[in-house]
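Single-structure report; data block below.
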There are 2 protein chains.
Amino acid sequence: MKLGRLNHVGVATPSIEKSIAFYRDVMGAEVIREPFDLPAQGVKVCFVDTPNSQIELIEPLGESSPIAGFIAKNPEGGQHHICYEVPDIHAAKSWFEGKGARVLGEPRIGAHGTLIFFVHPRDMGGVLTEIMETPRPGVSH
Amino acid sequence: MKLGRLNHVGVATPSIEKSIAFYRDVMGAEVIREPFDLPAQGVKVCFVDTPNSQIELIEPLGESSPIAGFIAKNPEGGQHHICYEVPDIHAAKSWFEGKGARVLGEPRIGAHGTLIFFVHPRDMGGVLTEIMETPRPGVSH
């Protein structure tokens with residue numbers, strides 16, 4: 001497997017609304033996508049474009065959100081995960097499992113509409129890592 | 001100010017040597033730069049290229065390294081900072097200060113050989129943020 005594009009850095013926030021104002025007014029972001037709910041993952045999502053990648057803002061959606069604990073520990077938010085693209089999600093899952101890395105669950109639809117999975121940070125140098133199948137032109141969000 | 005390229009994600013590690021093996025053998029990185037010491041910042045540095053950005057591995061250099069505390073809290077390492085490019089470091093410093101964000105010290109030479117500064121995570125949505133002047137072709141590391 002080859003290391004793919006750094007699709008995005010996931011940044012947790014207690015308020016996407018406030019983060020949008022921050023990225024627009026302080027960071028100077030020119031392209032901020034429409035926020036949307038991703039109930040299957042228990043998060044509200046908003047992509048902020050940089051010229052070469054994206055920041056994925058994620059806010060807890062519901063009390064059982066998987067990022068509720070992160071926000072409790074980091075009330076102002078912070079870096080949550082790094083996401084890399086792969087051409088084939090199932091081949092990538094086999095690859096990581098073959099390396100002894102713990103893949104967290106089966107591939108499922110992620111925020112860009114393609115299949116994703118997460119790999120346990122303890123097997124990734126302390127970095128919670130998302131692996132996503134590269135969106136195809138005309139198909140991706 | 002416009003949001004610039006996501007130059008790199010800084011990832012702290014207790015051992016660049018082990019991290020290089022991890023990024024090569026597990027993540028499939030094809031371009032891993034030569035590690036070097038950056039004594040002025042108290043870190044050893046190694047850049048790992050992705051097709052569109054870089055991971056900056058940083059290991060504590062010396063006992064008074066500014067990332068010693070981070071590694072003590074995160075013995076396996078983890079995401080440390082996000083670095084964005086700007087065309088003019090001094091203009092960027094004035095911009096952030098004008099927004100009430102705490103710029104940590106004066107601009108100084110960073111790992112890519114251009115001027116950089118950090119901005120306090122409490123003013124950056126919990127994200128320790130590095131701002132670096134874009135390397136000019138033929139001049140950068």
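Residue numbers begin at 1 in each chain, while the letters A, B, ... track the order of the sequences. If you're wondering where the values come from, they're calculated on a predicted model, not measured in any experiment. Worth knowing before you read on, the calculation uses all heavy atoms, side chains too, and leaves out hydrogens, waters and symmetry mates.
In terms of heavy-atom pairs under 4.5 angstrom with chain B, the leader among A/Gln54, A/Met1, A/Lys18 is A/Met1. Top candidate by heavy-atom pairs under 4.5 Å with chain B, chosen from A/Lys2, A/Gln79, A/Glu76, A/Arg5, is A/Gln79. When the candidates B/Thr129, B/Asn7, B/Thr13, B/Asp25 are compared by the number of heavy-atom contacts under 4.5 Å with chain A, B/Asp25 comes out ahead. In terms of heavy-atom pairs under 4.5 angstrom with chain B, the leader among A/Glu85, A/Met124, A/His80 is A/Met124. Per-residue heavy-atom pair counts under 4.5 Å with chain B were compared for A/Pro75, A/Ser53, A/Pro14, A/Pro51, and the maximum is reached by A/Pro51. Interface summary for chain A: among B/Gly77, B/Ser19, B/Ala101, B/Gly100, the most heavy-atom pairs under 4.5 angstrom belong to B/Gly77.
For the atom pair CE of B/Met27 and CZ of A/Phe96, the computed distance is 4.5 Å after rounding to the nearest 0.5 Å. Considering CG of B/Leu3 and CD of A/Glu30, their distance stands at 8.5 Å, rounded to 0.5 Å. To the nearest 0.5 Å, atoms OG1 (A/Thr50) and OH (B/Tyr84) are separated by 7.0 Å.
Heavy-atom distances place the side chain of A/Ile55, and not its backbone, under 4.5 Å from chain B. A/Val48 touches chain B through its side chain: at least one heavy atom from C-beta onward sits under 4.5 Å away, while N, CA, C and O do not. In this structure, the portions of A/Val26 lying under 4.5 Å from any heavy atom of chain B include both its backbone and its side chain. For a residue to count as touching a neighbouring chain, one of its non-hydrogen atoms must lie under 4.5 Å from one of that chain's; by this rule A/Asn52 touches chain B with backbone and side chain alike. Heavy atoms of A/Ser15 lying under 4.5 Å from chain B are absent altogether.
Note on residues 40-62 of chain B: pairs passing salt bridge (Lys or Arg N to Asp or Glu O under 4.0 Å), not counting sequence neighbours, are B/Arg33-B/Asp49.
The two residues B/Asp123 and A/Phe22 have their closest heavy-atom pair at O-CE1, 3.4 Å.
Transitive grouping of hydrophobic side chains (ILVMFWY, heavy atoms separated by less than 4.5 Å) keeps A/Ile116 and A/Val9 in distinct clusters. Linking ILVMFWY residues whenever their side-chain heavy atoms come closer than 4.5 Å, directly or via other members, leaves A/Ile58 and A/Val11 in distinct clusters. Taking hydrophobic clusters as Ile, Leu, Val, Met, Phe, Trp and Tyr residues chained together by side-chain heavy-atom distances below 4.5 Å, A/Phe117 shares a cluster with A/Ile82.
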